[in-house]
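The structure under discussion appears below in the form of structure tokens.
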Amino acid sequence: MSKQLRKIYGIPVQTVDLELVKVGDLVYFDGPIMSVYKNKVNTPYIFDWVESDEFCNRWMVYEVEKEALNDYVFGKISHFSLINGIKKDLVYILDKDSKGNFSKNQVISLKNIPNEYLPKSSVFFDKEEASELESIIENFGLTNELKTQNEFKKFNIVDEAIKNDTEMINLHIKSDSSKVGYGKIRSSILGEILTGYSKLTEATAISLFDYKSKLSNDEKPRRRKGELGSIKELGETEFVYAKAASFSVFLKPIKQKLDLFDELTSSELINKTIFELFSASENSSELKKIEDKINDGMLTSYNSLLKEIKEQDLTLLVQYANPKSGNSYEETFDSKKAISILKNLAALEIDKSDDVKAKGVFKALDSLNCTFKFETTDNEIFVGKFSDMIKQGIYHYNLIDSYNVVFEILTSKKSGKTNATEKVTMVSCIKID
Amino acid sequence: MQTNTYKYKDYHSKLECTCPLEDLKSIEREVFRFVFKDLEHENNHLPPFAISPSRIDYSEDCKKVCNGFALSFYETEKQAEKKLKNFLERKPLLADVLGNCIGKTSITKRDGVADEASSDGHFNFHELEDIRFKYEIVKEITIE
């Protein structure tokens with residue numbers, strides 16, 4: 001059975017009279033795949049090949065803004081964003097035969113475009129695939145210096161903080177798609193961004209203020225009831241208001257603890273640490289320098305936030321200001337930056353070292369490889385190597401006597417991964433008389 | 001090389017420009033092409049104009065129309081794989097036209113002439129009559 005074109009749920013149109021003239025091809029391989037045309041007033045139209053059968057090539061034709069075309073050609077937005085960001089929710093589906101005749105023309109809404117017609121969100125312009133690129137650039141006056149659609153109006157966060165007489169955080173979300181618009185946003189996206197940032201501030205609070213979590217298990221004192229909750233609360237924020245111009249959410253910390261010996265409030269210290277993480281994460285060697293300030297919770301929540309930015313093709317501006325100190329921080333993320341930072345985070349391995357004291361007996365001793373298997377009085381099994389300092393004593397150890405031992409456990413975990421690898425070394429071994 | 005030995009000489013003669021273009025060369029090397037897993041699929045052996053319906057218009061630049069009668073190849077497997085993956089991530093249904101595999105074959109000096117490869121390793125090859133390349137699949141591309 002011969003291949004048939006997909007059924008399109010659109011409105012049939014008899015004629016399509018856009019009076020378009022071809023300017024060049026953005027993608028050309030064995031013929032045009034994505035071309036730019038212009039109308040009488042030099043508005044760009046994209047002819048995007050989507051499918052063919054034995055009779056016709058099907059093209060998706062849509063009007064784009066010159067700024068969007070500029071952003072696309074200079075690599076600032078993806079092909080998916082170019083389609084998703086069209087202002088008129090109107091796409092022509094034109095079937096063209098080998099004689100150049102158009103038939104079964106339809107208009108459809110963006111949301112009715114079949115998934116198979118859409119590019120992956122990671123696909124950007126590649127000048128190696130283009131033909132007559134110079135004509136396209138010259139005709140539309142495209143330039144890398146043109147103000148992009150992605151530069152967006154920023155609020156003055158210090159002014160907002162002074163006006164409200166409190167530390168303020170602004171999460172300003174923008175998208176070229178219909179998912180985020182003027183004063184409106186899909187609940188799922190808002191939820192993910194708010195949750196992601198909330199978990200990041202909570203994890204940072206624990207990293208900064210929960211000194212008990214940094215102690216080894218046998219040195220850790222019991223927690224008071226609600227102690228960990230109080231620490232997490234230092235990172236907690238509450239919604240104050242939202243503003244339009246894409247979508248902007250203003251939050252404030254619910255607790256601002258002031259340390260007599262530190263000029264920064266707890267909430268400013270938390271946000272300062274977060275912005276240090278943002279800045280360092282753009283470069284893998286800078287990230288490695290601050291890894292002792294980063295805990296697993298911070299990495300996991302940061303990973304989730306970046307993945308949401310990447311998958312939804314968002315731009316996120318994060319701002320913080322303290323009206324009393326006058327300090328403010330800000331950072332902007334788009335999907336391209338998110339992809340780059342995610343790569344740096346994935347390469348980060350967190351090493352944690354714990355000392356564990358135990359009592360028990362050897363179940364196996366290997367003098368050739370200097371390794372052991374040890375069972376504690378709590379029936380816990382440790383398998384590892386003797387340290388250089390004590391490995392000579394292996395010839396004095398046996399499987400009958402009991403010993404007081406100390407293990408050094410090095411846990412290595414890659415950012416974003418759930419499983420860690422453990423390396424056990426026995427650093428002390430004393431026979432119990 | 002005499003023009004009447006080219007496979008698509010009847011179409012070449014109808015063009016305004018000289019086709020194949022001048023300065024093309026005979027080559028002898030291993031080359032790579034986008035093919036279907038079914039090695040008997042006709043598109044594996046056809047230039048763009050012979051695959052119906054063609055995307056190339058006769059109103060296009062004569063050089064592009066001329067290359068519409070040539071086979072597209074890449075110099076290395078890596079170049080071909082990178083390009084096919086890019087194309088299929090952008091246009092998943094191009095697999096129905098180009099195939100989703102990389103096929104390897106060898107070109108000899110008796111098979112035709114090639115233009116200079118571009119920076120991405122792509123070049124056009126004008127076959128002589130009775131030439132039909134045999135391909136070996138070296139890679140299948142799957143897009144999630």
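Letters A, B, ... are given to chains in the order of the sequence lines, protein chains preceding strands, and every chain is numbered from 1.
- In this structure, the portion of B:I143 lying under 4.5 Å from any heavy atom of chain A is its side chain and not its backbone.
- B:F87 places a side-chain heavy atom less than 4.5 Å from the side chain of A:E129.
- Contact annotation: the side chain of B:K64 approaches that of A:S131 to within less than 4.5 Å [non-hydrogen atoms, C-beta and beyond].
- Without hydrogens or angle criteria, A:N57 side chain to B:P53 main chain gives a donor-acceptor distance under 3.5 Å.
- Other residues, nucleotides and ligands contribute at most 12 non-hydrogen atoms within 6.0 Å of the NZ atom of A:K310.
- At least one side-chain heavy atom of A:Y28 sits less than 4.5 Å from a side-chain heavy atom of B:I56.
- In this structure, the portion of A:R6 lying under 4.5 Å from any heavy atom of chain B is its side chain and not its backbone.
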Inset, instruction - Applying side chain to side chain contact (heavy atoms under 4.5 Å, CB included), run through A:D30 and B:F34 and close with a yes or a no. - result: CA-CA 11 Å; A:D30 284 359; B:F34 304 156; over 6 Å; no
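- At least one side-chain heavy atom of A:E128 sits under 4.5 Å from a side-chain heavy atom of B:S119.
- Taking chain B as the reference chain and counting heavy-atom pairs below 4.5 Å, the highest number among A:E132, A:H79, A:E51, A:M34 is found for A:H79.
- The existence of a salt bridge linking A:D25 and B:R55 is excluded, since no basic side-chain nitrogen approaches an acidic carboxylate oxygen closer than 4.0 Å.
- Of the charged side-chain nitrogens involved, none lies within less than 4.0 Å of a carboxylate oxygen, so that B:D57 and A:K99 do not count as a salt-bridged pair.
- Chain B forms more heavy-atom pairs under 4.5 Å with one residue of A:S122, A:G100, A:C56, A:S98 than with any other, namely A:C56.
- Under 3.5 Å, the side chains of B:S59 and A:K22 contain no donor-acceptor pair of N or O atoms.
- Within the 4.5 Å cutoff, side-chain heavy atoms of A:D48 are placed close to those of B:K91.
- The candidate from B:I51, B:D120, B:D61 with the greatest count of non-hydrogen atom pairs under 4.5 Å with chain A is B:D120.
- For A:L118, the part sitting under 4.5 Å from any heavy atom of chain B is the backbone (N, CA, C, O) and nothing else.
- Only the side chain of A:W59 comes within contact range of chain B, with heavy atoms under 4.5 Å apart.
- Summarising the local packing, OH of A:Y37 is surrounded by more than 12 heavy atoms from other residues, nucleotides or ligands at distances under 6.0 Å.
- In this structure, B:R29 places its CZ atom where more than 12 heavy-atom neighbours from other residues, nucleotides or ligands lie under 6.0 Å away.
- Heavy-atom minimum distance, A:Y72 versus B:R90: OH-NH1, 2.8 Å.
- Heavy-atom pairs under 4.5 Å with chain A peak, among B:P47, B:G68, B:S52, at B:S52.
- Looking at B:F49, there are no atoms closer than 4.5 Å to chain A (heavy atoms on both sides), in backbone or side chain.
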>> Under the criterion side chain to side chain contact (heavy atoms under 4.5 Å, CB included), I'd like the reasoning laid out for A:S52 against B:D96: C-alpha separation, chi angles, the key distance, then a yes or no.
In response: CA-CA 8 Å; A:S52 65; B:D96 296 339; over 6 Å; no
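- With a threshold of 4.5 angstrom between heavy atoms, A:F47 does not approach chain B through any atom at all.
- Within the 4.5 Å cutoff, the side chain of A:V123 has no heavy atoms near those of the B:N86 side chain.
- There is no contact between B:L71 and chain A, counting heavy-atom distances below 4.5 Å.
- Between A:F29 and B:H122, the two ring planes are perpendicular [angle over 60°; tilted spans 30° to 60°].
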